[in-house]
Amino acid sequence: MNCNILNVYFIMGTINCRKDPLETLEEALQAGITCFQLREKGEGSLTGKAYEEFARACQKMCQAYQVPFIVNDDVELAFKLNADGFHIGQEDLALPIFREKAKGKIVGVSVHNSREMEQAILNGADYVGIGPLYKTQSKKDAKPPAGLYFLKAIRKQSANFPIVGIGGITEENANAVRSSGADGVSVISVICHSEDIGQTVKNLLSKKKIN
Ligand SMILES: C=C1C=NC(C(F)(F)F)=NC1=N
Ligand SMILES: [Mg+2]
């Protein structure tokens, strides 16, 4: 997996959006997000057929922009839609079962400590999400902010493994996240609540020329 896809990794569910979610996604794709994760979770989220239809609509849009379409938690749906990949947390189904079946899919895992990091790499994850780095408004059961310390420690432990930071990341702190060792930043609110999504994504994209 090319770690450049982690540069600006937009994560969204219908409840995160203030306007039409597909309009938000389209603007973000036009502005150049490098990866998208559908995270349909929390009070008032879509379920059943409506959820699947919405997922298909997001997937179609990502395909038009050749941006990877990742499904959070719902591995079954990821396979049903033949999504580009899925993202699971420690509490989700054990990855080893899927490693075989997940051939060719991008598999992401949330990690919060070095033991979970080692386990994720052993189980064959393609990237890990580290956070919450700062106070997040998007995840109700988030752990306390880990700050950049943990990100730096994990980067020391795994020099070249694809890592994306998550949790309260904004245009102001995105570069600090990168210089602490992340290959990219994943964001929900800063894009979903932006008055000018195009400008926000541009401000989030890595300034470094990607060689
Ligand atoms: C809880 C999460 C943690 N990290 C990530 C990602 F940024 F994709 F790695 N996604 C999640 N849904
Ligand atoms: Mg999860």
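Just follow the structure's listing: the first ligand is 1, and inside any ligand the first atom is 1.
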Sequence neighbours excluded and cut-off under 3.5 Å, please list the side-chain donor-acceptor pairs for residues 144-157, or say none.
from   : atom 1 : to     : atom 2 : distance (Å)
Arg155 : NE     : Gly181 : O      : 2.7
Arg155 : NH1    : Ser158 : O      : 2.9
Arg155 : NH1    : Ala159 : O      : 3.1
Arg155 : NH1    : Phe161 : O      : 2.9
Arg155 : NH2    : Phe161 : O      : 3.2
Arg155 : NH2    : Gly181 : O      : 2.8
Arg155 : NH2    : Asp183 : OD2    : 2.9
Gln157 : NE2    : Glu118 : OE2    : 3.4

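Results of the ring pair (Phe, Tyr, Trp, His ring centres under 6.0 Å) test with Phe36 over Tyr9, Tyr65, Phe10 single out Phe10 as the only residue that passes.
Distance check, rounded to the nearest 0.5 Å: CD of Gln137 to NZ of Lys140 gives 8.0 Å.
Within ligand 1, the atoms closer than 4.0 Å to a non-hydrogen atom of Asn72 are 12 (N), numbered from 1 in the order shown. Those atoms of ligand 1 with a heavy atom of Ile11 less than 4.0 angstrom away are 7 (F), 8 (F), 10 (N). Close contacts between ligand 1 and Gly129 involve ligand atoms 4 (N), 9 (F) [criterion: under 4.0 Å to a heavy atom]. Atoms of ligand 1 found under 4.0 Å from any heavy atom of Tyr9, numbered from 1 in the order shown, are 8 (F). The atoms of ligand 1 that sit less than 4.0 Å from any heavy atom of Tyr127 are 8 (F), 9 (F). For ligand 1 and Val164, the ligand atoms under 4.0 Å from any heavy atom of the residue are 6 (C), 7 (F), 9 (F).
Distances between N or O atoms of Ser186 and those of ligand 1 include no value under 3.5 Å.
Using a 4.0 Å cut-off between a side-chain N of Lys or Arg and a carboxylate O of Asp or Glu, Lys80 and Glu52 qualify as a salt bridge.
For Asn203 (side chain) and Ala174 (main-chain N/O), no donor-acceptor pair under 3.5 Å exists by modelled atom type. At distances below 3.5 Å, at least one donor-acceptor pair connects side-chain atoms of Ser186 with backbone N or O atoms of Gly165.
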